[in-house]
Structures are given as C-alpha cells and as structure tokens.
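Down below is the structure, laid out as structure tokens.
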There are 2 protein chains.
Amino acid sequence: MPATDLPRRGIPDATVARLPAYLRVLGIMAEAGVRSTSSLELAQAVGVHPAKVRKDLSHLGSHGVRGVGYDVAHLTVEISRELGLTRDWPVVIVGLGNLGRALAGHAGLSSRGFSVAGLFDADPAVIGQSVSGLTISPMSAIADLPRAADTVGVIATPAAAAQVVADQLVAAGITSILNCAPAAIVVPAPVDVRRVDIASELQILAFHKQRRTAAPALAVAP
Amino acid sequence: MPATDLPRRGIPDATVARLPAYLRVLGIMAEAGVRSTSSLELAQAVGVHPAKVRKDLSHLGSHGVRGVGYDVAHLTVEISRELGLTRDWPVVIVGLGNLGRALAGHAGLSSRGFSVAGLFDADPAVIGQSVSGLTISPMSAIADLPRAADTVGVIATPAAAAQVVADQLVAAGITSILNCAPAAIVVPAPVDVRRVDIASELQILAFHKQRRTAAPALAVAP
DNA sequence: TAGATTGTTAATCGATTAACAATC
DNA sequence: TAGATTGTTAATCGATTAACAATC
C-alpha cells in the first residue's frame, strides 16, 4: 500500500465528461435538503446506468458507504476537487453579440466555478458599454490580460472572426478555449479547445428523427 | 450480393456525431472552389485520424475513388442525405432572451438544414415583438403548432422554466428537443433530447487545465 | 506503368454492463 | 441479524487504429 494517497491518474475521458452532470444533480439535491443519495438515484437523475455511476465515482477514490449510499455534501466536494473547481477560474468572453451577452449574464457560471473576468469586442460601437457589471474592452486589450495562463477564453463571435480571435487569445497566453462560434479553429498543440455547436446538435437530432420516420416504411415484409 | 442497395443500418453513434463536422469542412472547401479532397485532408481539417474518416465514410456507402480521393460535391450530398438534411426541418425556439435571440439570428441554421418556424415566450413584455422577421408568440400557442412531429424544439429559457417548457413541447407533439437551458429535463421515452451546456464544457476544460498545472508539482523524484 | 489513396480486415484499446463478494 | 448498496472483477460491447490488398 502506498505511503501517501497517491494522486489518482488516468480518469477516463468518458467519466470526466459525466462529472459535471453529477455535480449539477448533487447541487439540486443539496438545495432540496437531501443529505444522502445512491448510485441508482444519481443514475436516474442523469440518465445513465447505475453501474456506470459507481464505476465513475470509484475513479475519484470517493468512498460511498456500502448499504447506505453517498453523502451529498461529501461527494460534491470530491467531484469539485477532481474537476479543479475548489477555486474560481477566470473566464473572458470575446464577442458581445446576443450570444456573448447571454454568456456574460449566465447566472450558472459563478455558482459553478467560474467568474467572468473580462469582455472584449472589436466593434467600436459596443466598446465601453457595460454588460452585467463589466465594461467591454477593445480586443487589442486582450494582450494585457493578467493571469492569462489561468484564464479560459470563450469565443462568441460570428464565424468569420473566430480564427483571428483564437490567434489573439493564444498570443495573449490563454491555453484553454471554448469555441461557441459556428466555425472550426486551428490552434497550436498545447492549447485545449472544446466546441459548442448548435447546428451540429440539431443535425444529430435530425438524423435520429429521419431514421425514426424512415424505418417503418422500409420494414416491408418479404 | 443484394438485389437492391439495402438501406444501411446501424451507423455508429460516434460516426453520426462526426458527420456534421465533415459537412461543415466540405462546405468551406466547396466555397473555396475545391473540387476533390482526401481522407487525410478531411482528417486534418476536423482534427481526427485519417483512418477514422475513411471508416466513417465507408458506413455511408459513399464511394471515394482509390488513388484519387473524394468528390467534394458528391460527398456533401451523401452526408446530407444520411443526416436527413435533403429537406429543411422546422425549428421552434422557446425563450427569447439573449440566448434565444442569438439562436433566432443564427445565420448558419438555414444554410445547414433548418428553418426557424416559430418563436415562443411566456413573458407578456416580449410577446408580439419581432425578432429576425418572426413575431414572438405566447407560449400557449405552442399547442397549435402545425407539423409538430417534424419540428425540433429548442429550449433557451432560464433553468427554472426548462422542465415546464419541455412538458409543453412534448404535449404539443414535439419529439426532438435541444435543451440549451442550464438544467436537466425529464421527458417520456420516445422523445429525443440533446443538451448544450456551457458550464459543463468549461468544467471539462478546467479539469484539463488543473491536471496540466498540477502534474509537474507531483512528479517529485523518489 | 508507378504512385496514390481508398475500403476493409484484424488488432488494439477503451468504455459499458452484469454480477457478486464485501460490508455497512 | 437481515437488507441494502457499494466497489470491483470479468465479460461484453463498441470504437479506434494499423496495415495492406485492391484499384484508380
């Protein structure tokens, strides 16, 4: 047995992707005054298999109690720690159109480990405006961003501007980017990018829908 | 060999999830006047392994040409057909805050197989307003939606309203829902739901960031 | 023809699920 | 103790990748 609790390594990507969902459900439970839960309850709330929940949580070294379940508060802390949310991460939003404003006003961000630390736009018409208590800065000011290495950059510009903005974020020292523009961006290797693409999600829904309506017609008996 | 081209079945979910990305890249290529491409080029543009591209495309029965590559126009048609995008799907948006307005004005939707067919909100202050050429209807009007079975419902409300809206969409006959509200919703089995959750994506980025910065400190030599 | 690139097979890898001993 | 539920192992399933014959 190791002398100290060694840092757990190699949490599967699929597990990491589910941890935020568990965290959200636990938050709702805590608000409702629920103290304790089970893998079955969590599974139903998130829409996965109970064994998957137990497997996921076992990667955290989080210890539930056999015969009893999981302590809501304790599990919340465990998952938060694993995700790195015991501190707040600064977020900057680039592009203050409707989408950017929606994100800036997103009540959930501050309660879920993030704080909006800067708003940037290239349009002189919006620079200087105040949104959710912050003033919109010119895009050029991104170069002076403090704590850039800790900051997550969110791209909420039109598609045409996404690559230019990504380059500017990288030049400013940002290494984590959430791309909400409907465009692909290319960044150097050490930069971590995730995408949110409404149109892609709709297209996947369309595929399922078409499959469901097309299938019966094809099932003609031999 | 089958007498007719049998309908392909069982395209893997992982493949379906990547088809929209191929489609987007092909669109950009077509605009740039590129006629032909290869699995390697597509792979680099999308950020995946070339063998994965070939495997994905082989599920479509789409035929590239050995030694030559894929015809951009032909492949575009094949993927569009597979995703069910040879027709336009109506989309209704519920909740016309900043997020809903961003979606309603999303230039990419109409060019990617969708048309915004209705806007709904519960707030009397916004009902009757015009957004992107459409008038915002009261939420109660959702019950009279024509072609509900073909329609995709997009929830862009605050978290607190998400479940109520989902129930109303389902009652109106909608079977495909994109949930952009920061809340989980529960729907009856035949309804297909996908989520877009900014906070979850940020949390996954935070995990990677924390892992990257924490790791060196832990790698103390024995 | 020689060079290029697909489509497909087989090998590998990772994720899910079933099942149950451990144990509260 | 009896009942409940975890943590973990082993089995299954699906997805990725390497490799190469097919063939343009």
Side-chain angles (χ1 to χ4, degrees), chain A residues 1-2 5-6 8-22 25-26 29 34-75 78-79 82 204 207-208, chain B residues 1-2 5-6 8-22 25-26 29 34-76 78-79 82 204 207:
Chain A
M1 133 192 9
D5 270 341
L6 284 174
R8 296 166 276 302
R9 224 130 25 86
I11 295 196
D13 287 346
T15 294
V16 173
R18 282 187 294 268
L19 293 180
Y22 299 142
V25 169
L26 289 168
M29 287 177 172
V34 175
R35 293 297 199 54
S36 170
T37 185
S38 66
S39 60
L40 183 63
E41 243 182 1
L42 279 169
Q44 289 171 339
V46 168
V48 300
H49 195 282
K52 202 185 272 187
V53 173
R54 294 200 295 279
K55 194 105 220 253
D56 283 343
L57 298 183
S58 75
H59 288 295
L60 270 61
S62 142
H63 284 220
V65 180
R66 291 171 203 236
V68 176
Y70 301 90
D71 181 81
V72 169
H74 179 240
L75 193 52
E78 293 257 10
I79 297 180
E82 193 59 45
I204 294 167
F207 171 80
H208 292 149
Chain B
M1 131 190 14
D5 273 340
L6 285 173
R8 298 166 276 299
R9 224 132 20 89
I11 296 196
D13 286 345
T15 294
V16 172
R18 282 187 294 267
L19 293 180
Y22 299 142
V25 169
L26 289 167
M29 287 177 172
V34 175
R35 294 295 201 53
S36 173
T37 186
S38 66
S39 61
L40 182 62
E41 242 182 3
L42 280 169
Q44 288 172 339
V46 168
V48 299
H49 195 282
K52 203 186 269 186
V53 173
R54 293 201 294 279
K55 193 106 221 253
D56 283 343
L57 298 183
S58 76
H59 288 297
L60 270 62
S62 143
H63 284 219
V65 180
R66 290 170 203 236
V68 177
Y70 300 90
D71 181 81
V72 169
H74 180 241
L75 192 54
T76 300
E78 293 255 10
I79 297 179
E82 193 60 44
I204 294 168
F207 171 80

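The sequence lines fix the lettering, A, B, ..., with proteins before strands; numbering per chain opens at 1. Note that the structure is predicted; figures quoted are calculated from it, not measured.
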Worksheet item: With sequence neighbours excluded, what pairs up with A:His63 under the side-chain contact (heavy atoms from CB on, under 4.5 Å) test?
Response: none
Discussion item. Could you work out, with side-chain contact (heavy atoms from CB on, under 4.5 Å) as the rule, every residue matching A:Thr15, not counting sequence neighbours?
Written reply: A:Ile11, A:Pro12, A:Arg18, A:Leu19, A:Asp56, A:His59
To the nearest 0.5 Å, how far apart are [atom1] in [X] and [atom2] in [Y]?
X: B:Ser36; Y: B:Glu41; atom1: OG; atom2: CD; answer: 8.0 Å
X: B:Met29; Y: B:Leu42; atom1: CE; atom2: CG; answer: 5.0 Å
X: A:Leu57; Y: A:Lys55; atom1: CG; atom2: NZ; answer: 12.0 Å
X: A:Ile79; Y: A:Tyr22; atom1: CD1; atom2: OH; answer: 8.0 Å

Item to complete: Please determine if a side-chain N or O atom of B:Tyr70 lies less than 4.0 Å away from the OP1 or OP2 oxygen of C:dA4.
Response: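 For B:Tyr70, the contact criterion (side-chain N or O under 4.0 Å from OP1 or OP2 of C:dA4) is not met.
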Fill in: B:Ser39 side-chain N/O to C:dT5 phosphate OP1/OP2 under 4.0 Å
no
Could you pull out every donor-acceptor pair under 3.5 Å between side chains of residues 44-54 of chain A and any protein atom, sequence neighbours left out?
{"from": "A:His49", "atom 1": "ND1", "to": "A:Ala51", "atom 2": "N", "distance (Å)": "3.1"}
{"from": "A:Arg54", "atom 1": "NH1", "to": "A:Ser39", "atom 2": "OG", "distance (Å)": "3.1"}

Heteroatom pairs (N/O) under 3.5 angstrom, protein to nucleotides 15-22 of chain D:
{"from": "D:dT16", "atom 1": "OP1", "to": "B:Arg18", "atom 2": "NH1", "distance (Å)": "3.1"}
{"from": "D:dT16", "atom 1": "OP2", "to": "B:Arg18", "atom 2": "NH2", "distance (Å)": "2.9"}
{"from": "D:dA18", "atom 1": "OP2", "to": "B:His49", "atom 2": "NE2", "distance (Å)": "2.7"}
{"from": "D:dA19", "atom 1": "N6", "to": "B:Arg54", "atom 2": "NH2", "distance (Å)": "3.4"}
{"from": "D:dA22", "atom 1": "N3", "to": "B:Arg66", "atom 2": "NH1", "distance (Å)": "3.1"}

Worksheet item: With sequence neighbours left out, what residues match B:Ser38 under side-chain hydrogen bond (donor to acceptor under 3.5 Å, both in side chains)?
Response: none
Between [N] atom [atom2] and [X] atom [atom1], what is the distance in whole Å?
X: A:Leu40; N: D:dG7; atom1: CG; atom2: C1'; value: 16 Å
X: B:His63; N: D:dT23; atom1: NE2; atom2: P; value: 12 Å
X: B:Leu75; N: C:dT6; atom1: CG; atom2: C1'; value: 13 Å
X: B:Leu57; N: C:dT8; atom1: CG; atom2: P; value: 12 Å
X: B:Gln44; N: C:dT5; atom1: CD; atom2: P; value: 12 Å

Worksheet entry | Watson-Crick or G-U stems of DNA chain D, 3 or more pairs, under 3.5 Å, by first number | C:3-24 with D:3-24
Item to complete: Could you tell me whether the side chain of A:Thr37 reaches within less than 4.5 Å of the side chain of A:Val25, counting heavy atoms only?
Response: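 In short, these two side chains do not touch, never coming nearer than 4.5 Å.
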Practice prompt. Tell me which of B:Val68 and A:Val65 sits closer to the 5' end of DNA chain C, going by the nucleotide each one is nearest to.
Written response: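 Looking at DNA chain C, the more 5' nearest nucleotide goes with B:Val68.
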